[in-house]
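Okay, so here's the structure we're looking at.
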Amino acid sequence: MQSGRPRAVIIGAGIGGLTAALCLERAGVDAVVVESVAALRPLGVGINLLPHSVRILTDLGLAEHLDGMAVRTAELAYYNKFGQRIWSEPRGLDAGYRWPQYSIHRGALQMLLYRTVLERLGPESIRTGQLLERIEDLGTEAAAWISRRDVAGPAQPLVADLVVAADGIHSVARRQWYPHEGAPKFAGQLLWRGTTVARPFLTGRSMIMAGHQGQKFVCYPIGQNADGMCLVNWIAERRIGGGEPPRPSDWNRKVDRESFAPLFAGWKFGWLDIPALIAGAETVYEFPMVDRDPLPQWTFRRATLLGDAAHPMYPIGSNGASQAILDAEALALALRDEPDIPAALARYEAARRPATAAIVESNRQMGPERVMQIVEDRAPDGFTQLYDVISRTELEDIAAQYKRIAGFDPAALNRTTGLAPPGSGP
Ligand SMILES: Cc1cc2nc3c(=O)[nH]c(=O)nc-3n(C[C@H](O)[C@H](O)[C@H](O)COP(=O)(O)OP(=O)(O)OC[C@H]3O[C@@H](n4cnc5c(N)ncnc54)[C@H](O)[C@@H]3O)c2cc1C
């Protein structure tokens, strides 16, 4: 690390931690990223990046890379369980944003960020195989106590001006500060995720959701092949109820599709064959729908939480990765503008904690997907005229309300400036 510049230790090389390293570098802060896995691999399936987070990645100079590896989402549409359309809205550039919305493979995005951090911050900037055990406040500095996978022995301190814990939903730092919080909260729903090579559907760049809270299917393309086929990311969801998930949350848990495929056997809509999508995936992963209650405090003087460590939320409204990216920029702006580190971290928390708490709460009320449940409740056997079931105004209000809460209202977002030099946006 260079002298004179503030030094940060970031725990976790996920989407949040890696983006934070890039944003901090822009803000004049040196960062080292500590990651527990021995080697990063492109894990996960598809995620969505909403325009507000794409603005930040564009400011970081990644727009061209993203464009080459992601699909520019053009439309989001909700259907009932019979494949009848309830609502659709344009997305990204098609909706008047200055930045696209991307559907992308999580692992591919993580690898792009990983390579970029190594290029810009140096080959020593990411230390894999190293685990955070605890954070210590040293007064004028902070220490992350780190143990190594390859070397036996006690944890060693990594001392810096600040520590950022971006260590995900099972955050060690969060457990240190909130030792009685316990496991993530289960919503009573199980998610099964996979990717399947399939023929394009609808616009070829549509994200769709069908069903209702009890049983739902979401899918969207995350890549296009030269032969006209695309890689479709899908999530099948089923309410099972109960206070505890049947198995602990693990992003990489593989599962036999026969445990849920029969539930979707009849979901052939003509324009989309859901049983075929489920059958065509090479691997299927299971994840329980979990989140955690919003916290009263993220920042403890020179240490703070970021991303899923701070605000794990239900995967509704495509916000998990996007909000981690927004945190990263907000942290960098606070450190750029406020030289006193504890004051800067407090400023970051003030900018982000209430905003993300509102999304956690809104996602518990199903966010914009509420329209699907309303239609299921009012017309469980399907409908002839949609507007006899739900009015256009009701549909529009629900969609607009969520955009305001999640910070991607088009007019407000298009006025935003972040870390980019003035006039450098699209
Ligand atoms: C392997 C994996 C696969 C995922 N797949 C999907 C998916 O398919 N769809 C989806 O919507 N979301 C997925 N997610 C979650 C999604 O990436 C996050 O919700 C979102 O991007 C916010 O990212 P984050 O950086 O806050 O957390 P994460 O992406 O969870 O990253 C946290 C990082 O911290 C590391 N870490 C944890 N504990 C420690 C420790 N003690 N010391 C050092 N490092 C530590 C983890 O290994 C991880 O790399 C996945 C996460 C992971 C880790």
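Indexing begins at 1, ligand by ligand and atom by atom, following the structure's order.
Using cut-offs of 30° and 60° on the angle between ring planes, the pair Phe300 and Tyr178 is perpendicular.
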Sub-3.5 Å pairs, protein N or O with ligand 1 N or O:
| unit_1 | atom_1 | unit_2 | atom_2 | d |
| --- | --- | --- | --- | --- |
| ligand 1 | 8 (O) | Val45 | N | 2.8 |
| ligand 1 | 8 (O) | Arg193 | NH1 | 2.3 |
| ligand 1 | 17 (O) | Arg106 | NE | 2.7 |
| ligand 1 | 19 (O) | Asp308 | OD1 | 3.3 |
| ligand 1 | 19 (O) | Asp308 | OD2 | 2.6 |
| ligand 1 | 25 (O) | Ile15 | N | 3.3 |
| ligand 1 | 25 (O) | Gly16 | N | 2.8 |
| ligand 1 | 26 (O) | Asp308 | N | 2.8 |
| ligand 1 | 29 (O) | Arg106 | NH2 | 3.0 |
| ligand 1 | 41 (N) | Leu132 | O | 3.4 |
| ligand 1 | 42 (N) | Leu132 | N | 2.9 |
| ligand 1 | 44 (N) | Ser36 | N | 3.1 |
| ligand 1 | 47 (O) | Glu35 | OE2 | 2.6 |
| ligand 1 | 49 (O) | Glu35 | OE1 | 2.7 |
| ligand 1 | 49 (O) | Glu35 | OE2 | 3.4 |

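When only modelled atom types and interatomic distance are considered, Asp250 and Tyr285 share no side-chain donor-acceptor pair under 3.5 Å. There is a side-chain donor-acceptor pair under 3.5 Å between Arg239 and Gln213. Under the 3.5 Å distance criterion, with hydrogens and angles disregarded, a donor-acceptor pair is assigned to the side chains of Arg352 and Gln323.
A pairwise comparison of heavy atoms in Leu158 and Ile146 identifies CB-CG1, 4.2 Å as the closest pair.
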Inset, instruction - Apply ring pair (Phe, Tyr, Trp, His ring centres under 6.0 Å) to Tyr348 and Trp298, showing your working. - result: CA-CA 10 Å; Tyr348 152 71; Trp298 293 356; 5.8 Å; yes

